[in-house]
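One structure is given here, and the rest of the page talks about it.
We count ligands from 1, going down the list as the structure has it; atoms in each ligand are counted the same way.
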Amino acid sequence: MKDNNIFNTTPITKIRPTIEFFLGADTEHDKTIECGVLEKTLETAKQLGFVDENGKSKVDRVFMYNPDAIGLWIYQEYKDLFKPLENITQVREDILTVYPPVTPVCFGSMYTGMKPENHGILKYEKPVLQVNTIFDFLPSVGKKVAIVCTQGDSIAEIFKGRKVDYFIYPTIDRCNKKAEELIIADNHDLIVLYNGNYDYYMHRFTPKGRKSINELRKNIDTYCALYELIKENWKQHRTFMAFAPDHGCHRSIFPPGNHGKNIPKDMNTVHFYTFI
Ligand SMILES: [Zn+2]
């Protein structure tokens, strides 16, 4: 097992510029972007022909799957479980999230490209973000975006009021069903799907509890099933698909699982990216 005392170095703020680069929309907003695209992912995209010799992206669809609270250390301890996911993944990025590693702060940074002090959510609270986000920028350059999220959860709350299509439901099953419908309908350039089930169980039954790991398995299965659906339905597109959690977690006394500390278990997460 890897040393659990080392922090990852690739910041979560690179996700937004990477998505915008792939969708060919990475202009005129240098001020909002702090650190450029994910280099390893860009290199892989070039090798696979998803970026041409002039450095221009050929990708025209992005699907972001956002499971909650899956840390790098969980991947390292349950590698066998991740096999089906790794089989359909061309690049893994070990991501450092932002502090405090709690859901609205981290997704705030993922989709603004900004550090918490710049996007304004500094603790566990879910105000509507007042800064420019990917959900402002992409519609402003004519891209169609869908957010699919369970009611009351961070992504449903902090990105309200944008010119995107919101699909907010009480259950994860309905969210995932809607994501499938959206893939088949093929109307959006970017689809974001949030699944908070592992986080929910991890808090109650510890990160490695049987019930929690069962939910982790569901997240992996969901990604693999959506991959198959995209492969089948988006043949005319070039797609960048991501398994992209917000932060990790650790075992604690009460609640039995938690996150929010400046420790590698909470701050290190792991992303898997697929080019289809
Ligand atoms: Zn979270």
Side-chain angles (χ1 to χ4, degrees), residues 7-8 10-16 64-75 78 93-116 119-129 133-135 147-160 168-169 171-172 175-176 192-209 211-220 222-223 242-252 254-272:
F7 286 95
N8 292 340
T10 305
I12 201 164
T13 45
K14 288 192 172 210
I15 310 302
R16 172 187 179 177
M64 295 297 296
Y65 179 61
N66 290 139
D68 201 317
I70 298 168
L72 177 63
W73 71 276
I74 286 287
Y75 160 69
Y78 292 91
E93 294 265 16
D94 293 346
I95 298 284
L96 178 71
T97 197
V98 286
Y99 181 82
V102 294
T103 309
V105 177
C106 298
F107 282 124
S109 285
M110 187 185 293
Y111 290 123
T112 62
M114 299 176 199
K115 292 170 186 160
H119 68 57
I121 304 179
L122 300 170
K123 57 180 190 208
Y124 189 83
E125 58 181 12
K126 303 171 187 173
V128 176
L129 278 166
T133 72
I134 195 170
F135 306 115
I147 290 178
V148 191
C149 185
T150 29
Q151 266 164 17
D153 280 318
S154 295
I155 289 180
E157 295 295 318
I158 69 176
F159 300 116
K160 273 181 177 166
I168 310 300
Y169 299 107
T171 66
I172 290 174
C175 288
N176 293 353
V192 172
L193 170 64
Y194 170 78
N195 277 181
N197 50 310
Y198 175 75
D199 180 72
Y200 179 92
Y201 280 84
M202 172 280 298
H203 281 299
R204 287 157 184 80
F205 301 103
T206 78
K208 292 167 71 172
K211 287 184 176 176
S212 311
I213 295 304
N214 196 41
E215 298 303 314
L216 171 64
R217 187 178 289 113
K218 280 189 201 168
N219 289 153
I220 292 166
T222 297
Y223 186 84
F243 182 98
D246 49 348
H247 52 72
C249 62
H250 64 271
R251 169 102 200 232
S252 68
F254 189 82
N258 212 350
H259 51 87
K261 288 186 175 176
N262 194 17
I263 55 172
K265 278 192 170 178
D266 287 8
M267 295 294 290
N268 291 346
T269 183
V270 60
H271 286 193
F272 298 90

| Asp246: its N/O/S atom lying closest to the Zn ion (ligand 1) (atom name) | OD2

| N/O/S from His247 sitting under 2.8 Å away from the Zn ion (ligand 1) | yes

| note | So CD1 of Ile220 and CD of Glu215: to nearest 0.5 Å the spacing works out to 12.0 Å

| message | Using the ring centroid of each side chain, check whether Tyr75 and Phe272 are separated by less than 6.0 Å. | response | yes

| remark: Among the N/O/S atoms of Asp68, the Zn ion (ligand 1) lies closest to OD1

| said: Please determine whether the number of non-hydrogen atoms from other residues, nucleotides or ligands lying under 6.0 Å from atom NZ of Lys126 exceeds 12. | reply: yes

| message | Checking side-chain hydrogen bond (donor to acceptor under 3.5 Å, both in side chains) between Asp266 and each of His259, His250, Lys261, which is the one that passes? | response | His250

| query | Is the distance from the Zn ion (ligand 1) to the nearest N/O/S atom of Ser154 under 2.8 Å? | reply | no

